[in-house]
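Reviewing the structure listed below.
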There are 2 protein chains.
Amino acid sequence: MTSPLRERRRQETAREIQKATLELAMQKSVEDITTEEIAAAAGVSTRTFFNYYPNKEAAAIGHPPSFSEETKDALRKGTGSLAADIKALLDEHMKILVRDEAIVRGVGNVLRTNEKARGILDGFLVGERRALTEVLCSRVENRQTATALAKNAVDAIGGSIFLWEHTEGMSLHQALDVVWDGLIDASRLLSSSPTE
Amino acid sequence: MTSPLRERRRQETAREIQKATLELAMQKSVEDITTEEIAAAAGVSTRTFFNYYPNKEAAAIGHPPSFSEETKDALRKGTGSLAADIKALLDEHMKILVRDEAIVRGVGNVLRTNEKARGILDGFLVGERRALTEVLCSRVENRQTATALAKNAVDAIGGSIFLWEHTEGMSLHQALDVVWDGLIDASRLLSSSPTE
DNA sequence: TGCAAACTTTGCACACTATGCAAGGATTAC
DNA sequence: GTAATCCTTGCATAGTGTGCAAAGTTTGCA
């Protein structure tokens, strides 16, 4: 369909624009940055900026990595306990995120102050959650259960990033471990006593 | 501080604007509605519209009810199992939401298609989650545990509304019961087998 | 009651956002 | 090498959101 060179250039430019956006967002809030500034910093025209992203908040978020097909497959066909298999998927996904710590930090920074950016990321996460719910449906009988599990898994990633950004000297992987332990502990408390 | 009459009028106008927004959003997407239209439908000038809400998405969301101080207090001093006490708080909160089913439905409708609106609601929910986390810290030792519990509690409300909107003949309370059962089931699965 | 202070609404001007369209430039396929 | 395709860009334009100041309301107090 699209030629490989064009594809590569597109991705490079998209990334360039995201970097320019995040860098500017370190100095002042996204609200106070104009699309002109971003475009200039990324070396393209304002019009071209809008060919890549529908708005500056989307440019800040960029295109976060989805859970890979392999890890989802591993979860689907998993042999261990459900908890262990989900944790394995999250660990794998975290490896991807660790490759771009600067971007993760920049995105987190934007999310803290910008509502529109939060909404955009949320839209992306809804998709991830849905995909994960489908996968989990092959491991549990009840759909609501799968939904709850998927929600917790996706949130664990976000929670880890938040914790990582707010804790000096903690790695993303360590943050995930802490968040995960909290989740397991919470689950133990919620399920320990019968509701009815 | 502010006189009671002025206070009441402000709330009435705010609500009027929200209703006008949600009503228009039934016919076309929020993107395609102009602030002028909303203002005209609500009987105020465009400029006044912006005195009440910073943008049309915020007008659609309005001012959702927070968990009441009484219910939070009940949870803090709760005597039953943690799960039962959290469920009680959610049930109480749902009673408040049921009073304005039309608005809940309208807001849900907007959230489905509008990212900015999602972000705005999310910002509100972050605040609710934080407040609930503080409350739960008096019931559990670990902060991450409290965070996970609060996240699940707040999400249960949102999940219930989603389920309610997509299921013919189900009440909000019933939806909450279904979502809650799914959450408890998921918790059982996550905590049943040791992670390490 | 009547008047001054406080607050609200509104119109207007203006900077910024985002999109359609068409011209021009680069890349691809053959 | 050339035609088709895709990308970038400038320009025009509808819409968003804010500051400011004038006009209108409400409030508190004499």
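Worth knowing before you read on, the calculation uses all heavy atoms, side chains too, and leaves out hydrogens, waters and symmetry mates. Reminder, nothing fancy here: chain letters follow the sequence lines and each chain counts from 1.
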Considering the terminal five base pairs at each end of the helix from C/dT1-D/dA30 to C/dC30-D/dG1, what angle separates the two local helix axes, rounded to 10°?
30°
Does B/Arg9 place a side-chain N or O at less than 4.0 Å from the phosphate oxygens OP1/OP2 of D/dT25?
no
Looking across every strand, which nucleic acid part, if any, lies under 4.0 Å from A/Arg6 by heavy atom: base, sugar-phosphate, or nothing?
base
Tell me whether B/Asp91 is salt-bridged to B/Lys87, with the criterion being a basic N under 4.0 Å from an acidic carboxylate O.
yes
Between D/dT25 atom P and B/Arg8 atom CZ, what is the distance in whole Å?
18 Å
Does A/Lys116 place a side-chain N or O at less than 4.0 Å from the phosphate oxygens OP1/OP2 of C/dA18?
yes
For the side chain of A/Arg47, starting at C-beta, report the closest nucleotide among D/dT16, C/dG20, C/dT28.
C/dG20
Tell me what B/Tyr52 touches on the nucleic acid: a base, only sugar-phosphate, or nothing, going by heavy atoms under 4.0 Å.
sugar-phosphate
Sidechain N-carboxylate O distance under 4.0 Å for A/Lys28, A/Glu37
yes
Look at atom CD of B/Gln174 and say whether more than 12 heavy atoms of other residues, nucleotides or ligands are closer to it than 6.0 Å.
yes
Residue-phosphate contact under 4.0 Å: B/Ser45 side-chain N/O, C/dT10 OP1/OP2:
yes
Could you tell me how far apart B/Phe50 (CZ) and C/dC16 (C1') are, to the nearest whole angstrom?
13 Å
Is B/Glu23 atom CD crowded by more than 12 heavy atoms from other residues, nucleotides or ligands, each under 6.0 Å away?
no
Do A/Ser191 and B/Ser191 get their side chains close enough for a donor-acceptor pair, meaning under 3.5 Å?
yes
Integer-rounded Å distance: C/dT9 C1' and B/Glu16 CD
17 Å
Using a 4.0 Å heavy-atom cut-off across all strands, classify A/Asn51 as base, sugar-phosphate, or nothing.
base
Of A/Thr48 and B/Glu57, the one whose closest nucleotide on DNA chain D sits nearer the 5' end is A/Thr48
Could you tell me whether B/Asp122 and B/Arg129 make a salt bridge, using a distance below 4.0 angstrom between a side-chain N and a carboxylate O?
no
Can a salt bridge be assigned to the pair A/Lys56 and A/Glu31 using a cut-off of 4.0 Å between side-chain N and carboxylate O?
no
Side-chain H-bond candidate by donor/acceptor type, A/Ser68 with A/Glu92, under 3.5 Å:
no
Rounding to an integer number of Å, can you tell me how far A/Leu5 CG sits from D/dT5 P?
19 Å
Distance below 4.0 Å between B/Tyr53 side-chain N/O and D/dG17 OP1 or OP2
no
Under a 3.5 Å threshold, yes or no: a donor from one side chain and an acceptor from the other, between A/Asn51 and A/Arg47?
yes
Residues in residues 21-39 of chain A with a heavy atom under 4.0 Å of DNA chain D, by number, are none
